[in-house]
Amino acid sequence: MKRFLIAGNWKMNLSVAQGCVLAGEIVQAVGDVPSTLDVLVLPPFPHLYPVSSALDGSTIQLGAQTASECDDGARTGEVSVSMLAPVCSTVLVGHSERRHLIGESDQLIGKKAAKVLSAGLRCILAVGETEDDHAEGRAREVITRQLETGCAGIGKGITAELVIAYEPVWAIGTGRTPEPEQANERAAMIASWCADRFGSRGETIRVLYGGSMTRDNAVLFMEQSMIAGGLIGGASLDAQSFAAIIRAASTVGEAA
Ligand code: PGA
């Protein structure tokens, strides 16, 4: 049976106070997270500790949107994995906004992924093609390169969990999505790459879909055989929408 993972990426939105209110509303709207699901929210750094208090008593987990590839020291503005670990189960690396707006290289993302996993945290590695890659038929090539460099520092023996999020850049925040079947094909390709690279351990790596997932289309993506959840931006900033997506995953999971 698929164990879905639903992650809400708040990006650089909300004041700390608003983040705590939203966390409380999500707890109310979601109720008890079904034991068959992993649910997490990824607030901005300053929100993490207060939101962790707001989530106290709930099984909703916390994640960070990025982390430094270094342990500590003279890295102005950076936040290390060990600073996150007391409250976070998960760190997202390689989000397209970090790749394309902030300029993180494939190699840097690979170092970050290795650092997160070696600290024993779950790593969600995001990959996906741009609109041009898509139009010019380079999507597979780009995704494969991002997987190869993103996983370059990850040994087969690593015990923390790696999750891959397939996020076509052209679908993020645009209201456009691929056909669910097309997203499933990409997820299958990613899963097969993981199985080749990590052997039997790779077969357990979950692949999420992200990019304009909403309460209206979530079921269509979750029903796809190779998609094990979602990375949700805009719709995760509304407790009712996020809860509806979680319910969709729960319903599909029960029916499977
Ligand atoms: P979106 O963002 O759901 O707003 O498209 C997804 C993401 O950036 O992870």
Side-chain angles (χ1 to χ4, degrees), residues 4-14 18-19 22 26 29-30 38-45 47-48 60-67 88-104 109 112-113 116 122-131 133-134 139 142-143 146-147 150 162-180 182-184 186-187 190 206-222 224 227-249:
F4 285 103
L5 188 155
I6 305 295
N9 176 9
W10 293 4
K11 308 192 181 184
M12 197 172 71
N13 290 301
L14 308 177
Q18 288 168 330
L22 176 59
I26 292 172
V30 173
D38 291 309
V39 175
L40 55 140
V41 293
L42 288 74
F45 287 137
H47 302 46
L48 285 169
I60 296 174
Q61 304 166 37
L62 263 187
Q65 299 171 18
T66 183
C88 291
S89 67
T90 305
V91 180
L92 171 63
V93 304
H95 189 279
S96 76
E97 286 146 18
R98 299 216 56 95
R99 292 178 189 271
H100 300 294
L101 299 180
I102 293 159
E104 289 188 359
I109 289 160
K112 291 183 176 210
V116 170
R122 178 192 291 127
C123 175
I124 303 178
L125 170 66
V127 300
E129 78 281 3
T130 64
E131 178 109 64
D133 298 329
H134 179 61
V142 167
I143 294 166
Q146 291 174 342
L147 289 169
L162 175 64
V163 174
I164 310 289
Y166 168 58
E167 296 208 300
V169 181
W170 50 273
I172 295 177
T174 60
R176 292 163 56 208
T177 64
E179 292 300 325
Q182 193 189 349
N184 197 46
R186 296 275 186 250
I190 291 166
R206 292 184 279 187
V207 183
L208 315 181
Y209 169 74
S212 298
M213 188 182 273
T214 62
R215 61 194 298 167
D216 298 325
N217 64 23
V219 165
L220 302 175
F221 288 101
M222 307 288 179
Q224 301 298 318
I227 294 177
L231 180 56
I232 298 117
S236 74
L237 294 170
D238 176 82
Q240 296 306 328
S241 299
F242 192 53
I245 294 172
I246 293 163
R247 279 195 295 278

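Just so you know, ligand 1 is whichever comes first in the structure, and atom 1 is the first atom listed for that ligand. All residue numbers refer to positions in the sequence shown, counting from 1.
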Inset, instruction - Could you say whether the N/O atoms of Ala235 and ligand 1 ever approach to under 3.5 Å? - result: no
Inset, instruction - Looking only at non-hydrogen atoms, find the nearest pair between Ala235 and Thr214 and report the distance. - result: CB-CA, 4.3 Å
Inset, instruction - Would you check if the side chain of Lys112 reaches a backbone N or O of Ala67 as a donor-acceptor pair within less than 3.5 Å? - result: yes
Legend entry - N/O separation below 3.5 Å, His95 to ligand 1: yes
Inset, instruction - Give the numbers and elements of all ligand 1 atoms closer than 4.0 Å to a heavy atom of Gly234. - result: 1 (P), 3 (O), 4 (O)
Legend entry - Side chain, backbone, both or neither: the part of Asn9 lying under 4.0 Å from ligand 1 by heavy atom: side chain
Inset, instruction - Specify whether His47 and Trp10 have parallel, tilted or perpendicular ring planes, treating 30° as the upper limit for parallel and 60° as the lower limit for perpendicular. - result: perpendicular
Legend entry - For Met12 against Pro44, the heavy-atom pair lying closest together: CA-CG, 4.5 Å
Legend entry - N/O separation below 3.5 Å, Gly233 to ligand 1: yes
Legend entry - Residue Lys11 vicinity, atoms of ligand 1 by number, heavy atom under 4.0 Å: 2 (O), 7 (C), 8 (O)
Legend entry - Region of Ala171 that comes within reach of ligand 1 [heavy atoms, distance under 4.0 Å]: backbone
Inset, instruction - For residues 237-247, pull every pair meeting salt bridge (Lys or Arg N to Asp or Glu O under 4.0 Å), keeping only residues two or more places apart or in separate chains. - result: none
Inset, instruction - May I ask you to say whether Arg176 pairs ionically with Glu131, meaning some side-chain N is under 4.0 Å from a carboxylate O? - result: yes
Inset, instruction - Verify side-chain contact (heavy atoms from CB on, under 4.5 Å) between Cys123 and Leu162, making sure each step is shown before the conclusion. - result: CA-CA 5 Å; Cys123 175; Leu162 175 64; 4.3 Å; yes
Inset, instruction - Could you tell me whether the side chain of Arg215 reaches within less than 4.5 Å of the side chain of Ser241, counting heavy atoms only? - result: yes
Inset, instruction - For Gly173, take its heavy atoms, then give the atoms of ligand 1 lying under 4.0 Å from any of them. - result: 1 (P), 4 (O), 5 (O)
Legend entry - Within-shell test, Ser212 vs ligand 1, heavy atom, strictly < 4.0 Å: yes
Legend entry - Best match, Glu97, Arg176, Glu167: closest heavy atom to atom 7 (C) of ligand 1: Glu167
Inset, instruction - Please identify which atoms of ligand 1 are closer than 4.0 Å to at least one heavy atom of Gly211. - result: 5 (O)
Inset, instruction - Decide whether an N or O pair under 3.5 Å exists between Ile232 and ligand 1. - result: no
